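Single-structure report; data block below.
As the structure is a computational prediction, the values presented were derived from the model and not from experiment. Both ligands and their constituent atoms are indexed starting at 1 by order of listing.
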Amino acid sequence: MAGKNVVLFGPPGAGKGTQAAKLVELLAVPHISTGDMFRYHIKNQTDLGKTAQSYSSKGELVPDDVTIAMVKERLSQDDVKEGFLLDGFPRSVPQAEALDTILDELNLSLDHVINIAVSDDEIRGRLSKRASIEGRADDADPAVIQNRIDTYKNQSEPCLNYYRPKGVVRDIDGIGTIDEVFERIGAVFS
Ligand code: AMP
């Protein structure tokens, strides 16, 4: 238990966004979703949005330097002092390393990396379902879905090996109803 400095981690389609919305209520901390931040910029066609779109539309990660600068700026704001929920960041080992540096500079540390685990087949099914419901461009095309899964495996999953020796990873079974999964996550903080 103790701290509320949290990373929510897991493959695309693991239910991170849904669980994040519930968890920020429980913990009363700001929700920092890099995916939401990029979508905001894409919608408003800012320079950052145009850059982000050229990667996210293909299921690729936005380059680390761009993403890290955006998160650094957000974590420098005062409302994170009592805790924060990072959703979708870090997604590469360089991002995880950069996060450590940023938190060090702010005199903060990470308490929990909540790893929502689901199988590849389950991910594929969930992402194509989400494409028809939400109309998210990056969920619509099977090739893009495959690319997002591959990107997760190659670039994001290695973050777990980075964090495991630090003793902060909490493995959560992501199969079940939204409430069942949330109960497992909530237990981390009880
Ligand atoms: P999400 O909603 O978290 O699945 O993010 C949607 C898209 O935004 C991803 O497929 C990436 O293109 C981009 N994105 C979100 N978070 C990151 C990150 N930490 N690093 C790089 N790209 C990201």
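- Scanning for salt bridge (Lys or Arg N to Asp or Glu O under 4.0 Å) contacts around Glu180 gives an empty result, with sequence neighbours left out.
- Both Leu48 and Ile32 belong to a common hydrophobic cluster when Ile, Leu, Val, Met, Phe, Trp and Tyr are linked at side-chain heavy-atom distances under 4.5 angstrom.
- The part of Arg148 lying near ligand 1 is the side chain, judged by heavy-atom distances below 4.0 Å.
- The proximity of Thr67 to ligand 1, defined as any non-hydrogen pair under 4.0 Å, is limited to the side chain.
- By the 4.0 Å N-to-carboxylate-O rule, Asp150 lies too far from Lys153 to be salt-bridged with it.
- Under the 4.0 Å criterion applied to side-chain N and carboxylate O atoms, Asp111 and Arg170 are not assigned as salt-bridge partners.
- Atoms of ligand 1 lying under 4.0 Å from any heavy atom of Thr34, numbered from 1 in the order shown and given with element: 15 (C), 16 (N), 17 (C), 19 (N).
- When the heavy atoms of Met70, Glu60, Gln95, Arg39 are ranked by distance to atom 2 (O) of ligand 1, first place goes to Arg39.
- Criterion: ILVMFWY side-chain heavy atoms under 4.5 Å apart, direct or through other members. Under it, Leu23 and Phe9 are not part of a common hydrophobic cluster.
- Partners of Glu122 by side chain to side chain donor-acceptor pair (under 3.5 Å), not counting sequence neighbours, listed by chain and number: Arg126.
- When only interatomic distances are considered, the shortest N/O to N/O separation between Leu61 and ligand 1 does not fall below 3.5 Å.
- In this comparison of Ser56, Cys159, Gly59, the heavy atom closest to atom 7 (C) of ligand 1 sits on Ser56.
- Of all atoms in ligand 1, numbered sequentially from 1 with element shown, those under 4.0 Å from a heavy atom of Gly88 are 16 (N), 17 (C), 18 (C), 19 (N).
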